[in-house]
2 protein chains.
Amino acid sequence: MTDGQRAAHPTGLRERKKRRTRDALLHAAFDLFTTQGYEKTTVDEIVDAVEVSQRTFFRYFASKEEAAFAIQEAMESYFLAQLRRRPADEAPFDAMRNAVLCAWNSIGEVIEEIATVELHLRMYRMIESTPSLLAAHLRRCSDLENQIALLIAGREGLDVDEDPRPRVAVAAFSGVMRVTGQLWGRGRDGDVDSLRVLTEAYLDQLGPALAGNWRTGTGPV
Amino acid sequence: MTDGQRAAHPTGLRERKKRRTRDALLHAAFDLFTTQGYEKTTVDEIVDAVEVSQRTFFRYFASKEEAAFAIQEAMESYFLAQLRRRPADEAPFDAMRNAVLCAWNSIGEVIEEIATVELHLRMYRMIESTPSLLAAHLRRCSDLENQIALLIAGREGLDVDEDPRPRVAVAAFSGVMRVTGQLWGRGRDGDVDSLRVLTEAYLDQLGPALAGNWRTGTGPV
DNA sequence: TTGTCAACTGTCAGAGGCTGACACTAATCT
DNA sequence: AGATTAGTGTCAGCCTCTGACAGTTGACAA
């Protein structure tokens, strides 16, 4: 597989150099962000560590923010790929559910291409606890939601502007995803398996949570 | 009622002056934002229109952003007030549902205290279409979600960290709220009633949307 | 090999958001 | 009326981000 990945960036010296600076910038940024915090890290510090000009940084990343979301970016597109792969006869909600669970099974390898799982956890906590990054994160999730809704509507042959169900189902689904993400970030289990377990458990709570009376029947957790 | 509101800001000359500058800044900001757009409006333009220093603007508002959310702010706290007022025997989801519907019934008057419904619609559209504002908006929604979850958990005597259902239910609920908000912003019906109708219809779709197979039974819309 | 082209980078200058320090004015309290 | 305190203006500066222009270096063909 390592070979397969290398084959994905095979080209000449120029491209390799480019990739190297990008990686260097990313790692310097991750390092500084997680040690001193996002706000307290200036772009100047990052470029000093890599010894390039500030202008170069902004040619690789549209903003300081963008650099902070490299890992998330990879995870999101991996999930989307899994969702596109679901068999057409699965019901919408099941397709979404199975896509995350599949994605979370092998997400570790996706992360390792850029950083480490442990670093990702630290970055994730930083995003959740830095107001401006949290805001950006939520906007990214919202974009993702939109793509999912279009995809689901496509599977069912529906128009998202005509039928409310795609958007409504996706909204409920990704609401739960966010909650599990938060919980994972706050917990002490940093491994990827615990994220999968959490996701499964919480998705199964959607039905009961919307049911009328919580004081009877279905017990908690 | 107008008297009741005046009684809410009764104090001396100093406070009245303060309120006047704040209102003036807000109105100048709304005006410029909706005519030329948020990004293209500089803080200097706003303060020039009111004839105060830039420093003064930043004493009233922590950021240019904050000024853009004054109306949203009022609406959100009004909804929370309605939710707190719901009878204790209502089921969680019903309480949320009824709280919004009640709030949307009289939200017009809340808005009129600051601006007009029409201006609010223009501001809302601007927020949704300006990436940085959309991000901020979503973060605010996320804060609100958190408050709702605590409130609901309190009603049911639960701990949000122990039982997943409060957060899950709130996540699903506010996911739907966002979808309706977006739809209202895109539609041509600018009145507040249409928002109420939309909300009711979409909340009723939550159950069907999560049900297994969309190709049978429940027809669209 | 060499020359041309295109891509990548650095430098410089500047706009715009935002903050701290300090002095000044005007409302409030005694 | 005088002391106190809140609100404001000015100034100086940091940081993110952008445009313009020039220098450098890999790619590619003659």
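All chains are named by letter (A, B, ...) in the order of the sequence lines, taking the proteins before the strands, and each is independently numbered beginning at 1.
Closest to the side chain of B/Y60, out of D/dG7, C/dC12, C/dA21, is D/dG7. Each of C/dC18, C/dA26, D/dT8 was ranked by its minimum atom distance to the side chain of B/S63; first place goes to C/dC18. You'll find that the side chain of B/R55 is closest to D/dT10, out of D/dT10, C/dC18, D/dT16.
In terms of modelled atom types and a separation under 3.5 Å, the side chain of A/H120 and the main chain of A/E112 share no donor-acceptor contact.
Residue-to-nucleotide proximity on DNA chain C shows that, of B/E15 and B/E39, the 5′-proximal contact is made by B/E39.
B/E15 and B/R19 are not joined by a salt bridge, as no carboxylate oxygen comes within less than 4.0 angstrom of a charged side-chain nitrogen. Ionic pairing of A/K64 and A/E39 is not present here: no N-O contact between side-chain nitrogen and carboxylate oxygen is shorter than 4.0 angstrom.
In this structure, A/Q54 places its CD atom 12 Å from C1' of D/dC14, rounding to the nearest Å. Summarising the geometry, the separation between CD on B/E66 and P on C/dC18 is reported as 10 Å, rounded to the nearest angstrom. Whole-Å rounding puts the A/F57 CZ to C/dT9 C1' distance at 16 Å. With rounding to whole Å, A/R20 atom CZ is found 11 Å from D/dG26 atom P. Put simply, CD on B/E45 is 11 Å from C1' on C/dG16, counting in whole angstrom units. The nearest whole Å value for the distance from the CG atom in B/D48 to the P atom in C/dG16 is 12 Å. In this structure, B/F58 places its CZ atom 12 Å from P of C/dG20, rounding to the nearest Å. As rounded to whole Å, 12 Å separates atom C1' of C/dA15 from atom NZ of B/K64.
Using bins of under 30°, 30° to 60° and over 60° for the plane-to-plane angle, the ring pair A/F173/A/F93 lands in the perpendicular bin.
As judged by a 4.0 angstrom heavy-atom cut-off over every strand, A/S53 is placed among the base-contacting residues. Residue contacts shown for A/T41 are limited to sugar-phosphate atoms, with no base heavy atom under 4.0 Å away.
The phosphate of D/dG26 (OP1 or OP2) has a side-chain N or O of A/K17 nearer than 4.0 angstrom. A close approach under 4.0 Å does occur between a side-chain nitrogen or oxygen of B/T21 and OP1 or OP2 of D/dT8. A close approach under 4.0 Å does not occur between any side-chain nitrogen or oxygen of A/T42 and OP1 or OP2 of D/dC15.
By the 4.5 Å heavy-atom criterion applied to side chains, A/P92 and A/E156 are counted as neighbours.
Between the side chain of A/R59 and the base of C/dG10, at least one donor-acceptor pair of N or O atoms lies under 3.5 Å.
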